[in-house]
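For reference, the structure discussed in these notes is given below.
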2 protein chains.
Amino acid sequence: MVLPLESARKILLAATEVITAERIPLEVCWHRVLAERIVSDLDFPPFDRSPLDGYALLASEVCQASHAAPVALKLIETIPAGAVPKKTIENGTASRIMTGAPIPQGATGVVRLEDTEQSGDIVRLFAGEGAEKSICRQGEEIFCGEEVLFPGMLINPGVMGLLAALGVANPLVYRRPRVALLATGSEIVGIDQRLAPGKIRNSNSFMLSAQVSEAGGVAYLLGTAGDSVEVIDEMLVSTQECDLVVTTGGASVGDYDLIGEAFEKQGITILFERVGIKPGMPVIAGIKDNKLYIGLSGNPAAASIAFEQLVRPVLLKMGGCRDFTRQRLKAYLLEPYEKSSNVPRFIWAQWRQDGDQLWVKPLGLQGNGMLKSTCHANALIIIPANSPPLAAGAEVEIELL
Amino acid sequence: MVLPLESARKILLAATEVITAERIPLEVCWHRVLAERIVSDLDFPPFDRSPLDGYALLASEVCQASHAAPVALKLIETIPAGAVPKKTIENGTASRIMTGAPIPQGATGVVRLEDTEQSGDIVRLFAGEGAEKSICRQGEEIFCGEEVLFPGMLINPGVMGLLAALGVANPLVYRRPRVALLATGSEIVGIDQRLAPGKIRNSNSFMLSAQVSEAGGVAYLLGTAGDSVEVIDEMLVSTQECDLVVTTGGASVGDYDLIGEAFEKQGITILFERVGIKPGMPVIAGIKDNKLYIGLSGNPAAASIAFEQLVRPVLLKMGGCRDFTRQRLKAYLLEPYEKSSNVPRFIWAQWRQDGDQLWVKPLGLQGNGMLKSTCHANALIIIPANSPPLAAGAEVEIELL
């Protein structure tokens with residue numbers, strides 16, 4: 001029985017709970033996911049202020065000022081940023097004002113320094129049309145009481161700046177999901193070991209650890225467990241502190257494919273065993289005590305694609321994100337793609353824009369055991385199930401990496 | 001004198017040197033920049049291997065096998081992954097083989113388990129056409145001696161997996177550039193402080209720290225220096241361990257714009273003082289002992305855009321990247337954009353695809369002092385210098401964030 005990809009994703013997401021949140025210093029919040037609603041407790045800007053260095057005055061007095069007919073005003077105060085103005089602007093007066101400083105009482109406009117000339121306590125203004133526009137009004141960006149940031153938002157530079165502006169020094173963010181990664185298979189050795197005949201190194205745990213990081217999680221590399229149910233069993237027991245367990249290898253139908261057996265020995269309830277996705281069909285998913293255990297193929301490309309399509313959404317949901325999918329776009333194939341299959345197929349690819357249109361090129365080596373294409377891909381082409389052979393120029397959907 | 005944006009970028013990049021590299025454990029290499037060329041010291045796969053669970057045999061013996069006319073072969077060995085086959089396949093024999101196991105001598109094909117039936121030491125095969133394709137050939141992905149990874153590559157999941165497969169347990173990566181961030185301006189207070197009248201909190205250092213992280217650097221927040229040249233001076237002295245110093249505020253022409261003065265007091269040679277970019281025109285850049293000092297506007301949106309266009313390329317070059325620009329695409333304006341200026345202008349925006357075409361919408365509040373739009377933007381619209389008012393539907397260039 002092969003479960004459709006969409007159904008498998010739904011089962012996993014339904015079994016996924018959003019994890020706990022923690023307060024951490026704003027300094028280290030970049031790329032974390034906000035876990036609280038932020039309501040501004042102030043207007044922003046908090047006061048009418050000057051957006052430039054110049055003179056605060058009555059706009060109506062200078063609206064016709066020019067080099068031919070300058071307007072002269074009496075300087076009554078200098079207002080640096082951060083100060084509180086003391087004098088009120090009246091007819092015939094102006095205050096020198098710095099960028100970011102509060103607009104003095106009475107003033108209805110600001111003329112920039114470059115259009116003025118000061119001599120003693122007299123300032124002559126050579127321009128003044130639109131001076132009333134050079135005031136940033138209190139609350140013009142944010143009202144006091146306005147909801148400005150929401151749970152599930154990724155903390156990008158703008159959000160970081162806004163949290164700072166509002167004085168949120170220790171925002172509540174979702175904890176990063178902890179993911180245990182375990183590689184099985186008698187052929188797998190550690191990356192620092194020499195290769196005996198028949199052996200290969202554990203590339204999967206490292207590749208997946210990067211995918212975990214990309215999805216906002218923290219990877220814990222448990223190492224390699226060979227093909228022994230006992231060793232796998234012991235390692236699974238050691239994953240108590242983790243929110244999710246992902247294994248590679250041993251998820252297929254062969255004699256030594258022991259992940260299903262190991263899961264069952266742990267009392268893990270199996271949710272499904274094969275998913276309609278190429279590459280990556282062997283996927284064993286189980287659950288115990290609200291924790292998901294997902295066994296992926298031992299083939300790197302297969303493990304990587306299945307992680308993308310099944311594990312990444314789980315991690316994003318767990319980590320508090322509201323959107324679990326990558327951006328999808330329509331693009332045109334630069335080369336024919338002839339392979340057909342009865343399940344959706346994902347192909348490492350590169351996309352670019354040419355003229356108005358987006359074009360996408362499948363990358364060379366797409367074997368299940370291969371890694372090179374994944375290094376250079378910036379997109380995945382999605383070939384729907386039972387798609388006919390596609391000619392160059394055919395429209396396809398791509399997912400941006 | 002306003003320096004064209006391109007010239008300013010060129011001056012800064014010319015003054016930027018790539019920083020040193022360090023060897024770190026592969027576990028923590030995600031998103032770092034590779035600093036060495038990796039030449040494979042092995043073929044990959046390192047041996048002919050089976051991509052599936054099944055039987056290794058002579059392909060010519062089974063090419064016409066079917067349910068109506070099954071072929072029976074004598075089982076001579078079982079080869080788990082990681083083992084070394086001992087028997088040679090000859091006419092009439094087969095070895096059971098697991099995914100990833102080495103192909104035994106003599107075998108020219110593999111038939112998958114699902115198309116077979118085993119009884120004692122006899123296996124019956126019901127299909128066999130194309131069995132010769134089910135062998136992954138030694139070196140089919142990578143040759144021994146092949147250059148597979150290059151300095152400047154970002155370590156994504158694929159690169160991570162490939163480094164592991166090749167046994168590079170401690171890759172050489174570029175050190176992350178250390179960036180000191182200093183906020184000036186008497187109106188600026190720390191984020192954990194209550195706002196007295198006329199004051200605002202230091203949002204710039206936090207916003208820029210996120211931009212530094214995005215560009216692969218490590219931010220050091222020095223705090224706020226008010227408007228005192230002496231304090232700025234002391235803080236600049238404390239930045240010796242940093243590779244780059246970025247200040248905000250005090251870079252304009254007003255009385256209290258003291259960054260230029262502070263730079264000169266430190267013996268920093270000023271490279272330029274104003275750049276043709278909106279927002280973000282006040283930029284003071286200087287150099288001393290091969291280290292760049294860059295003073296940005298105190299307005300958040302202006303500081304952020306100037307950082308994007310001038311500081312980010314510097315950080316990327318410093319950190320070993322080979323490409324310093326974001327992806328640019330052509331898109332169509334969803335709304336008119338009427339403002340014109342004599343220098344290039346950058347606008348926070350959101351883009352999406354509709355039908356074949358990409359559309360982009362300027363976000364609401366774009367004031368220099370504003371942050372809200374930067375939270376929601378996924379692109380910047382680039383309006384060239386001296387562009388006429390643009391109607392809805394006009395083609396523009398966008399930069400993906």
Side-chain angles (χ1 to χ4, degrees), chain A residues 26-27 30 45-46 51 53 80-84 98-100 102 113 136 141 156-162 164-165 167 169 185-187 191-192 195 197-203 206-207 210-211 213 221 252-254 256 298 300 304 329-330 353 356-357 365 367-372 374-375, chain B residues 26-27 30 45-46 51 53 80-84 98-100 102 113 136 141 156-162 164-165 167 169 185-187 191-192 195 197-203 206-207 210-211 213 221 252-254 256 298 300 304 329-330 353 356-357 365 367-372 374-375:
Chain A
L26 185 57
E27 285 88 323
W30 176 66
D53 295 324
V84 178
M98 301 303 137
T99 305
L113 211 57
C136 295
E141 183 173 14
N156 65 16
V159 174
M160 192 94 161
L162 207 47
S186 304
E187 76 278 30
I191 61 167
D192 47 0
L195 287 188
K199 308 290 186 185
I200 58 170
R201 295 193 185 94
N202 173 20
S203 55
F206 289 87
M207 176 189 67
Q211 290 183 272
S213 303
L221 280 73
S252 189
V253 293
Y256 294 84
S304 183
L329 298 173
K330 300 263 176 221
Q353 190 181 43
D356 257 18
Q357 290 174 338
L365 298 166
N368 282 358
M370 295 183 177
L371 276 163
K372 226 162 53 173
T374 74
C375 299
Chain B
L26 186 57
E27 284 88 324
W30 176 66
D53 295 324
V84 178
M98 301 304 140
T99 305
L113 211 57
C136 294
E141 183 175 13
N156 66 16
V159 173
M160 193 97 159
L162 207 47
S186 304
E187 76 278 27
I191 60 167
D192 47 1
L195 287 188
K199 307 291 185 184
I200 58 170
R201 296 192 184 94
N202 173 20
S203 56
F206 288 88
M207 175 189 68
Q211 292 185 270
S213 303
L221 279 73
S252 189
V253 294
Y256 294 83
S304 184
L329 297 173
K330 300 266 176 218
Q353 191 181 44
D356 257 17
Q357 289 174 337
L365 298 167
N368 282 358
M370 296 182 177
L371 277 162
K372 225 160 59 171
T374 74
C375 299

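To find a chain, count down the sequence lines: A is the first, B the second, and so on, and within it residues start at 1.
Proximity to chain B (any heavy atom under 4.5 Å) is restricted, for A:Ala83, to the backbone atoms N, CA, C and O. Heavy atoms closer than 4.5 Å to chain B are found in the backbone of A:Asn202, but not in its side chain.
A pairwise comparison of heavy atoms in A:Ala81 and B:Ser186 identifies O-CB, 3.2 Å as the closest pair. Of all heavy-atom pairs spanning A:Gly161 and B:Met207, the tightest one is CA-CB, 3.9 Å. The two atoms that bring B:Leu221 and A:Glu27 nearest to each other are CD2-CG, 4.5 Å, heavy atoms only. Considering every non-hydrogen atom in both A:Asn156 and B:Thr374, the closest pair reads ND2-O, 3.7 Å.
Between A:Glu187 atom CD and B:Thr99 atom OG1 the span is 8.5 Å, to the nearest 0.5 Å. Of the inter-residue distances, the one linking A:Lys330 atom NZ with B:Gln357 atom CD reads 15.0 Å to the nearest 0.5 angstrom. Note that NZ of A:Lys372 is 8.5 Å distant from CG of B:Leu162, once rounded to the nearest 0.5 Å.
Contact count against chain A (heavy-atom pairs under 4.5 Å) is highest for B:Gly82 among B:Ser203, B:Ser304, B:Gly82. With chain B as partner, the option from A:Ala165, A:Pro102, A:Pro197 having the largest number of non-hydrogen pairs under 4.5 angstrom is A:Ala165. Contact tally against chain A (heavy-atom pairs below 4.5 Å) for B:Pro46, B:Ala169, B:Ser213: the top residue is B:Ser213. With chain A as the partner, the residue from B:Pro51, B:Gly298, B:Gly158 showing the most heavy-atom pairs under 4.5 Å is B:Gly158. Of the residues considered (B:Val84, B:Asp192, B:Leu195, B:Leu329), B:Leu329 shows the highest number of contacts with chain A, using heavy-atom pairs under 4.5 Å.
The backbone N or O of A:Pro157 sits nowhere less than 3.5 Å from a side-chain atom of B:Gln211 that would complete a donor-acceptor pair.
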